[in-house]
Amino acid sequence: QVLLVESGGSLVQPGGSLRLSCAASGLTASPFYLDDYTIAWFRQAPGKEREGLSYISNGFDNTYYADSVKGRFTISKDNAKNTVYLQIHSLKPEDTAVYYCAAFRGMVAVQATGLMKSVYDYWGQGTQVTVSS
């Protein structure tokens, strides 16, 4: 069992930047190692499907981005802090959504599948990002 807690969402003006954080921890007595997990970021805007944005794989830290966010979003992690980050630049009103992090233990077998909701076993509660002037 893994607990994921997102933070960093806020109201931002168009063109601004944000860094979202996803703090991960284990819920069992066994040691928890972030590096054992692939972690992804998703978002869901009102009335829309939850959309996969990016993931960072276990072990080798390979990253993958949806075409819609490539160049503006950067995913990274700090294993010592058990935290995964999503840096977002040049925010647009259409980036307004609840942002979620998700995790599963292991590695993505086929790159694009890492942005599918069904791959992930654990989810955070989300953090709201609103882009508006």
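Bear in mind that the values here come from a model prediction, so they are computed numbers and not experimental data.
With sequence neighbours excluded, no residue satisfies side-chain hydrogen bond (donor to acceptor under 3.5 Å, both in side chains) with Q87. Checked against side chain to side chain contact (heavy atoms under 4.5 Å, CB included), S76 has the following partners two or more places apart in sequence or in another chain: Y85. For Y99, there are no ring-ring contact (aromatic ring centres under 6.0 Å, His included) partners two or more places apart in sequence or in a different chain. Checked against ring-ring contact (aromatic ring centres under 6.0 Å, His included), Y64 has the following partners two or more places apart in sequence or in another chain: Y55. Looking at residues two or more places apart in sequence or on another chain, you find a side-chain hydrogen bond (donor to acceptor under 3.5 Å, both in side chains) between T130 and Q128. Legend: residues meeting side-chain hydrogen bond (donor to acceptor under 3.5 Å, both in side chains) with D95, ordered by chain and number and at least two apart, are R43, R72. Take S68 and apply the side-chain hydrogen bond (donor to acceptor under 3.5 Å, both in side chains) test, not counting sequence neighbours, and it matches E51.
The aromatic ring centres of F42 and W123 sit less than 6.0 Å apart.
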What pairs of donor and acceptor atoms, side-chain ones from residues 1-10 against any protein atom, are under 3.5 angstrom apart with sequence neighbours left out?
from: E6; atom 1: OE1; to: Q125; atom 2: N; distance (Å): 3.0
from: E6; atom 1: OE1; to: G126; atom 2: N; distance (Å): 2.9
from: E6; atom 1: OE2; to: C101; atom 2: N; distance (Å): 2.8
from: E6; atom 1: OE2; to: G126; atom 2: N; distance (Å): 3.3

Sequence neighbours left out, cut at 3.5 Å: what donor-acceptor pairs do the side chains of residues 114-121 make with other protein atoms?
from: Y120; atom 1: OH; to: G114; atom 2: O; distance (Å): 2.6

Return a table of donor-acceptor pairs under 3.5 angstrom between the side chains of residues 14-34 and protein atoms on other chains or two or more places apart.
from: S17; atom 1: OG; to: H89; atom 2: ND1; distance (Å): 3.1
from: T28; atom 1: OG1; to: S30; atom 2: N; distance (Å): 3.3

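Sorted by first then second residue, the salt bridge (Lys or Arg N to Asp or Glu O under 4.0 Å) pairs that include residues 28-38, not counting sequence neighbours, are D35-K77, D36-R105. A disulfide (SG to SG under 2.5 Å) check over residues 37-94, counting only residues at least two apart or in different chains, returns nothing.
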